[in-house]
Amino acid sequence: MIQHREPTPIGRVVATELKPATPHQFHFWTANETTIGIGAIVKVEGPRVGDQGPGRIVFGVVTDGFAYSDLATPLHDVVGAEGDPAKAAESPTVRQEIRLWTAAVLRQHPEEPLQPVPLGAVYVASDADVAQALRMDAYVAGAQPTGIPVGLYTAAGLEAPVYLDADFLLGPEAAHLNISGVSGLATKTSAVEFLLASIFQHFPAHKGRIAALCFNVKGPDLCFLDRPGPLDDADRRRYERLGLTPQPFARVRYYAPCKADGVNLNTLRTHPDLVGDVEPLVWGLAEVLDFAEVLLNRDDIDAKADAFIDFLSDRVLNKEFDDGFGGSHRVQSFADLDGLFRAIFDGLELSGRSDMWRTHHIATIRKVRNRLSNISTRCKGLVTDDGPSNDLPWGRFEDRTVYVVDVANVDPLGQDLVFARAVSKLREHLERRDLGVEAVVVFVDELNKYAPGDGPETYVRKMLLDISERGRYLGLVLFGAEQFRSQVHRRVVGNAGTTLFGRMDADELATPGYHVLSPAIKIKLATLPIGELMLRHPHFTQPIFVRFPRPAVLRGRDGVERFPPSADLPFEEAVVRQLVRLDRRIRPNQVKDLIAERRPDDVRRALAAVRRTRPDDALACFRRMLGVRVAPAAAPAREAVPPLNPISEEPY
């Protein structure tokens, strides 16, 4: 924890007419050989005022540095060395050199009245000084501490723990985190993995339960969070200094869509030792129809088509419905819906009636049918034509559990659907307070793709805006990552209470959003080593640099090498694998005998029914379901939830 030690004087504040000390900035000189550098935190002690005790104390962070001598012009040095650099070292006297530093004020004590920085001695900040300078003393102690370790401040030989305030990281005072940096060198995913582990270990008990929902959108990045990764002695020392236990996540639940065959999982976590922990993510008509806007082209679907889709959702889905031509339908799947459409077209043709059906024009009906009928093809494996679905455990989220939805190998349309529906369901359950936890961290990578600063308005971007602006009141917290912060929607990054910066690209640093940083800070950002970040937090008046230890989980690339993905299994073997995962007593030959000469669609429906019900005797249930048409589970009645606030002027 925080250690106390006597500070060592390393310099003195200097002020001139050209470089005066102000309430927000000051300058100080040091010896040529010093441990101070850009990003170091220093402490200034003003002179004592009579018997009133210690003078004013000022904390600052170094933002720039200068070195110069008493030379009037560079020409004087050239003449003195007779134009030969080798002779300069033979000079009988050494020119005096000065090291001058510029620091931005972090905090003054007393804080009122606000005055210029006094001309006092400068010291390297100690652990206690760092805590006071960053105002951490207000939330790392007391009856209900809310400190979340984020890393170590490392400068001048010091390693001081830095904490974030949970009330400003996870709500309700402020919320959300954004991290930017170049791909591969900024360690964005590693930083989020470490911070989630820190949150799970230090989340304040009085704030209740918390879980995380992570979308894996790139390769195997998040596929091995439950497996321990290698740590060196330096990492272990940092974990101990931060008061954390270096261990992988104890509870991780993996979900991935199926491939086109409906039985092999579309994920890189398919090694025989690991695939048993992956649940299929399969949705049917009921789950998809509410989010038709995500899947349908807004330039192609007009208000009439929107009205017909709403009609299907409200009047047809999961209800006994009379088509008006003597036929009765109960639409629960895409196959049922296609049957209803065929009945409507046949009825209109046989009756010789007009092109209108229940106030909807036949052209509108055909347009919607064409779009909806193709969804199960375009999102094959995620969306099923027939049979039951398999979803996330809504209402049964567990405390300190990470739910990973692997959509890395899913086409962009399917990724949008997964993200939109999952976040909408989170929002609904958090508003009703029946999710199972009080707060959820949603981690979304590639914000440049999902919430770009320009381009057409999309449902996914509207949802991200809604989370960033109102999620903190619900306990819905967004952790977003991207390469180019300047190209993400301003309101998404602007509403992030905490911001992390890894190594940055020089072109990105040249954009207007970074003009508040000094040239030296920009240079340091462009050359940051792996594992070091620049941090902004509401309690910190200036950004500071921290170093975090390597996450105690297996990296994605290392995990693929240690647990190489297995090839797709034949249909029979894939069915056996899923049933054995549900009941270890099942013998493969029993399953193969049951599904011999059976239609694959019947096998898939029966398998999905067993996954949904999870009976004690999985084989008996599978035998009973085979050959029987398995209907999707009836959709529960949805309570009214306020819609997303409209972001654009579009009337639909």
Side-chain angles (χ1 to χ4, degrees), residues 223 226 252-287 332-336 376-377 379-393 396 403-407 409-410 563-634:
C223 287
D226 57 342
V252 186
R253 306 289 182 266
Y254 287 95
Y255 294 84
C258 291
K259 291 188 176 180
D261 59 10
V263 288
N264 281 291
L265 294 171
N266 196 2
T267 177
L268 292 177
R269 189 184 166 97
T270 55
H271 189 275
D273 294 340
L274 305 180
V275 71
D277 298 331
V278 184
E279 285 278 349
L281 185 67
V282 181
W283 292 336
L285 178 64
E287 289 80 14
Q332 295 179 303
S333 67
F334 281 96
D336 297 336
S376 59
T377 301
C379 302
K380 194 71 172 179
L382 171 64
V383 177
T384 178
D385 281 322
D386 202 0
S389 61
N390 197 64
D391 208 350
L392 291 165
R396 305 189 309 277
Y403 297 87
V404 179
V405 180
D406 188 359
V407 291
N409 297 322
V410 179
F563 301 100
S566 61
D568 289 349
L569 296 178
F571 184 80
E572 288 183 347
E573 297 292 340
V575 174
V576 168
R577 183 173 65 184
Q578 292 203 30
L579 286 174
V580 169
R581 183 177 62 83
L582 297 174
D583 189 347
R584 299 291 181 182
R585 300 170 298 175
I586 295 177
R587 295 194 301 271
N589 287 339
Q590 292 176 304
V591 179
K592 292 179 181 178
D593 291 341
L594 279 176
I595 64 178
E597 300 181 359
R598 295 277 191 167
R599 294 173 53 235
D601 287 345
D602 293 337
V603 175
R604 279 190 285 263
R605 282 195 295 267
L607 180 62
V610 175
R611 286 198 307 257
R612 185 184 66 196
T613 57
R614 296 184 177 275
D616 293 334
D617 192 340
L619 183 64
C621 179
F622 182 70
R623 182 185 294 110
R624 187 171 62 254
M625 292 297 181
L626 267 178
V628 179
R629 186 181 188 281
V630 183

- With no hydrogens and no angle check, is any side-chain donor or acceptor of E287 less than 3.5 Å from a backbone partner on G284? yes
- Item | Inter-residue atom distance I595.CD1 - F622.CZ, 0.5 Å rounding | 6.0 Å
- Under the salt bridge (charged side-chain N to carboxylate O under 4.0 Å, His left out) test, residues paired with R585 that sit two or more places apart: D583
- Could you walk me through whether L274 and Y254 pass the side chain to side chain contact (heavy atoms under 4.5 Å, CB included) test, one step at a time? CA-CA 10 Å; L274 305 180; Y254 287 95; over 6 Å; no
- Mind checking what makes salt bridge (charged side-chain N to carboxylate O under 4.0 Å, His left out) contact with D277, not counting sequence neighbours? R269
- Partner set under side-chain contact (heavy atoms from CB on, under 4.5 Å) for N266, not counting sequence neighbours: K259, N409, V410
- Heavy-atom donor-acceptor pair, T270 side chain to S566 backbone, under 3.5 Å: yes
- Task: Could you tell me which residues satisfy salt bridge (charged side-chain N to carboxylate O under 4.0 Å, His left out) with E573, sequence neighbours excluded, listed by chain and number?
- Result: K592
- Query: P588: what forms a side-chain contact (heavy atoms from CB on, under 4.5 Å) with it, not counting sequence neighbours?
  - Reply: V576
- Below 4.5 Å, heavy atoms only, C-beta onward: do P280 and Q578 meet side chain to side chain? yes
- Working for side chain to side chain contact (heavy atoms under 4.5 Å, CB included), residues L281 and D391: CA-CA 6 Å; L281 185 67; D391 208 350; 4.0 Å; yes
- Looking at side-chain heavy atoms only, is the closest gap between D336 and L285 below 4.5 Å? no
- Hits for side-chain contact (heavy atoms from CB on, under 4.5 Å) against R599, two or more places apart or cross-chain, chain-then-number order -> D601, D602, R605
- Task: Give me the one residue out of L607, I586, V603 that meets side chain to side chain contact (heavy atoms under 4.5 Å, CB included) with V591.
- Result: I586
- Message: Looking at D616, I want to see if its CG is surrounded by more than 12 non-hydrogen atoms of other residues, nucleotides or ligands under 6.0 Å.
- Response: no
- Query: Checking side chain to side chain contact (heavy atoms under 4.5 Å, CB included) for the pair H271/V275: CA distance, chi angles, key distance, verdict?
  - Reply: CA-CA 6 Å; H271 189 275; V275 71; over 6 Å; no
- Query: Between V282 and G381, what is the shortest heavy-atom contact and its length?
  - Reply: CG2-O, 4.0 Å
- Between CG of L265 and SG of C258, what distance do you get to the nearest 0.5 Å? 5.5 Å
- Note on the structure: Separation between CG (L594) and CD (E572), nearest 0.5 Å, reads 11.0 Å
- Go through the steps to decide whether Y255 and L392 satisfy the test side chain to side chain contact (heavy atoms under 4.5 Å, CB included), and finish with yes or no. CA-CA 8 Å; Y255 294 84; L392 291 165; 3.4 Å; yes
- Measure the CG-SG distance between L579 and C621 for me, rounded to the nearest 0.5 Å. 9.5 Å
